[in-house]
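Letters go in sequence order (proteins before strands), and every chain restarts at 1.
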There are 2 protein chains.
Amino acid sequence: MARRRESAEVRKKQIIEAAMHCFQNKGYAKATIDDIAGEYGLSKGSIYWYYPSKKDILKDLFRYWMDETLKGVYSEISDLKSARDKIVRMGEFFIRSLIDDLELYSSMLVFWGSSYEDDFMRERIMDLYAQYDEIVKSLLSQGEENREFIVPNKEVYCTLLIAMIEGLVIRHAVSKALDLDSVLGEVRNIVGRVLPPLEKG
Amino acid sequence: MARRRESAEVRKKQIIEAAMHCFQNKGYAKATIDDIAGEYGLSKGSIYWYYPSKKDILKDLFRYWMDETLKGVYSEISDLKSARDKIVRMGEFFIRSLIDDLELYSSMLVFWGSSYEDDFMRERIMDLYAQYDEIVKSLLSQGEENREFIVPNKEVYCTLLIAMIEGLVIRHAVSKALDLDSVLGEVRNIVGRVLPPLEKG
DNA sequence: TTTAACATACTGACTGGTCAGTATGTTAAA
DNA sequence: TTTAACATACTGACCAGTCAGTATGTTAAA
C-alpha cells in the first residue's frame with residue numbers, strides 16, 4: 001500500500017477531523033474506527049498507533065473543540081473596550097462560527113450526548129460551562145462598573161445568555177435550516193434590549 | 001416465573017418509562033433491551049411483543065415526550081389573555097417542568113443525539129421546532145396586535161426565545177446544577193426586557 | 001359448568017452480525 | 001539495520017433480534 005508517512009502532528013489532526021466528520025454523520029456509537037481510518041485512507045492499526053481507544057479520540061476532539069472555541073472568543077473580544085461591544089461580538093462570533101464551520105460547532109451534540117455514558121466527558125463539559133460563566137459574568141460586572149447597564153441578577157442573566165447561544169447552536173446543528181444572517185443582524189439589538197443602556201443623568 | 005399479565009396499555013407505558021430511565025443513565029446506544037426489560041422484571045421477549053425494534057421504542061418515547069410537552073404548554077397558557085403573560089407563563093412552565101420532571105425533559109439529549117443516525121428522528125424534531133415556532137410566533141403577533149410590545153423581527157425573536165429555553169434545558173440536563181428557582185424568579189423581568197411594554201401615548 | 005379450542009402474554013436460550021481492540025506482518029525512512 | 005509508522009488478519013465480547021415453547025386468560029359448544 002502507498003505509505004504516505006506523516007508527522008504525528010499532521011496525522012493526529014487528520015484523525016481528529018476524520019472523527020469529527022464521522023461522528024457528525026453517524027453519531028459516536030455508530031461511527032466505527034474503520035470509518036475514521038478510511039476518511040484519510042488509513043487503516044485501523046494506524047489509528048491505534050496514535051490513540052489507545054475510541055473514547056480517547058472523542059476526548060481529544062473535545063479538547064480541540066474547546067480550545068478552538070475559547071481561543072476564538074478571547075481573540076474576538078480582546079481588542080474591544082466596552083462590555084456591551086464584547087457581549088455583542090461574542091454572540092456574533094458564535095453565529096459566524098456556526099455559519100463558517102457548522103461541522104465543528106455541531107459537534108456539541110456528540111459531546112453532550114456522550115455525557116450520559118461517560119463521567120469524564122460530563123466533567124469536561126461542566127468545565128466548559130464554568131469557563132463560559134467566567135467570561136460572561138466578568139463582562140456583566142465590567143459593564144456595571146463602566147455604568148453601561150445594570151443587571152438585576154448576574155448569575156441568571158449569565159446563564160440565560162449562554163443558554164441562548166447554545167440553544168441556537170443545537171437547533172442549527174439539527175435543522176441546518178436557520179436563517180443565521182438574520183439572527184446576526186439582530187444581535188446588537190437584542191443585547192440592547194436585555195441590557196438596556198443607562199440614562200445619563 | 002411469576003407472570004403478571006397486564007394490559008397492553010399498562011405495559012407500553014411501563015416500557016416507555018423504563019426506556020426513558022435507561023436512556024438517561026446509559027444513552028440510547030449503551031442501554032440494552034435487557035436493561036429496559038429488567039426495569040419492570042420483564043424479559044426481552046415481552047419487549048418484542050410490544051415493539052418491533054429498539055428504535056421503535058425510542059420513536060414512541062419521543063411521541064410521548066412531545067405530546068406531554070405540547071399538551072402542557074397549551075393547557076398552561078390557554079386561560080391567559082395577555083400575550084406577555086402567555087410568554088412568561090410558557091417560560092416558567094418549562095423551568096418548572098425541568099424542576100419537577102428532570103428525567104422526562106432531559107430526554108431531549110437522547111432524541112437530539114439520535115438525529116444523527118436516524119432521519120425519521122430528525123424529521124420529528126424539525127416537526128417539534130415547527131410547532132414551537134407556531135406557538136411563539138402567534139404569541140408575538142398577538143402581543144403586537146394588542147399593542148403590548150413591538151418586535152423588530154418576529155422570526156429572529158421567536159428563534160431566540162425558543163433557543164434560550166432549549167439551552168437551559170440542555171445545560172441543566174447535563175449539569176443538574178443550575179439554580180432554577182432563581183431563573184424562575186427572573187422570567188417576567190427578562191421577558192419585560194426583551195419585549196418592553198409600549199409607552200401609552 | 002365444564003372443558004376444548006383458541007388467543008394473548010409472556011420466557012429465555014440461541015444466533016448471527018458487528019466492532020473495539022490486539023497481534024503480528026511489512027516497509028519507508030533515518 | 002533498525003525502528004517508527006503503518007497495514008492486515010484475527011479474536012472475543014456484546015447485543016439486537018428470533019423463536020420454540022409455556023403460562024394464562026377467554027369463549028363457545030356440549
What pairs of donor and acceptor atoms, side-chain ones from residues 157-175 of chain A against any protein atom, are under 3.5 angstrom apart with sequence neighbours left out?
{"from": "A:Tyr157", "atom 1": "OH", "to": "B:Arg193", "atom 2": "NE", "distance (Å)": "3.4"}
{"from": "A:Thr159", "atom 1": "OG1", "to": "A:Glu155", "atom 2": "O", "distance (Å)": "2.8"}
{"from": "A:Glu166", "atom 1": "OE1", "to": "A:Tyr129", "atom 2": "OH", "distance (Å)": "3.0"}
{"from": "A:Arg171", "atom 1": "NH1", "to": "B:Asp133", "atom 2": "OD1", "distance (Å)": "3.3"}
{"from": "A:Arg171", "atom 1": "NH2", "to": "B:Asp133", "atom 2": "OD2", "distance (Å)": "2.7"}
{"from": "A:His172", "atom 1": "ND1", "to": "A:Leu178", "atom 2": "N", "distance (Å)": "3.4"}
{"from": "A:Ser175", "atom 1": "OG", "to": "A:Arg171", "atom 2": "O", "distance (Å)": "3.0"}
{"from": "A:Ser175", "atom 1": "OG", "to": "A:Ala177", "atom 2": "N", "distance (Å)": "3.2"}

Using a heavy-atom distance cut-off of less than 4.0 Å, which residues of residues 16-34 of chain A contact DNA chain D?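 Nothing qualifies; none.
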Any residue in residues 45-54 of chain B with a heavy atom nearer than 4.0 angstrom to DNA chain D? Just list them by number, or reply none.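 Of all residues in residues 45-54 of chain B, the ones placing a heavy atom under 4.0 Å from DNA chain D are B:Tyr48, B:Ser53, B:Lys54.
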Plane angle bin for A:Tyr105 and A:Phe93 - parallel if under 30°, tilted between 30 and 60°, otherwise perpendicular: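 Perpendicular.
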Angle class for the A:Phe62/A:Trp112 ring planes (parallel below 30°, perpendicular above 60°, tilted otherwise)?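 A:Phe62 and A:Trp112: tilted rings.
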Does the Lys NZ or Arg CZ of [X] fall within the cation-pi geometry relative to [Y] - under 6.0 Å from the ring centre and within 45° of the axis?
X       : Y        : result
B:Lys54 : B:Tyr28  : yes
A:Lys12 : A:Tyr51  : yes
B:Lys55 : B:Phe120 : no

Taking only Lys NZ, Arg NE, NH1 and NH2, and the carboxylate oxygens of Asp or Glu, determine whether B:Asp119 and B:Arg122 approach each other closer than 4.0 Å.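 Salt bridge absent between B:Asp119 and B:Arg122.
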Expressed in angstrom and rounded to an integer, what is the separation of [X] atom [atom1] from [N] atom [atom2]?
X       : N      : atom1 : atom2 : result
B:Lys12 : C:dA9  : NZ    : P     : 11 Å
B:Ile36 : D:dG17 : CD1   : C1'   : 13 Å
B:Leu42 : D:dA23 : CG    : C1'   : 15 Å

Under 3.5 Å, is there an N or O donor on one side and an acceptor on the other linking the side chain of A:Lys44 and the base of D:dA7? no
Would you please enumerate the stems DNA chain D participates in, each stem being three or more consecutive Watson-Crick or G-U wobble pairs with both distances under 3.5 Å? C:1-30 with D:1-30
Report yes if a side-chain nitrogen or oxygen of B:Arg11 is closer than 4.0 Å to either non-bridging phosphate oxygen (OP1 or OP2) of C:dT8; otherwise report no. no
Would you call A:Tyr48 and A:Ile33 a side-chain contact if the rule is heavy atoms closer than 4.5 Å?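 The answer is yes; the side chains approach within 4.5 Å.
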Min side-chain heavy-atom separation A:Leu184-A:Leu180 under 4.5 Å: no
Test side-chain contact (heavy atoms from CB on, under 4.5 Å) applied to A:Ser43 - qualifying residues, sequence neighbours left out: A:Ser46
Pairing residues for A:Glu186 by the salt bridge (charged side-chain N to carboxylate O under 4.0 Å, His left out) criterion, not counting sequence neighbours: none
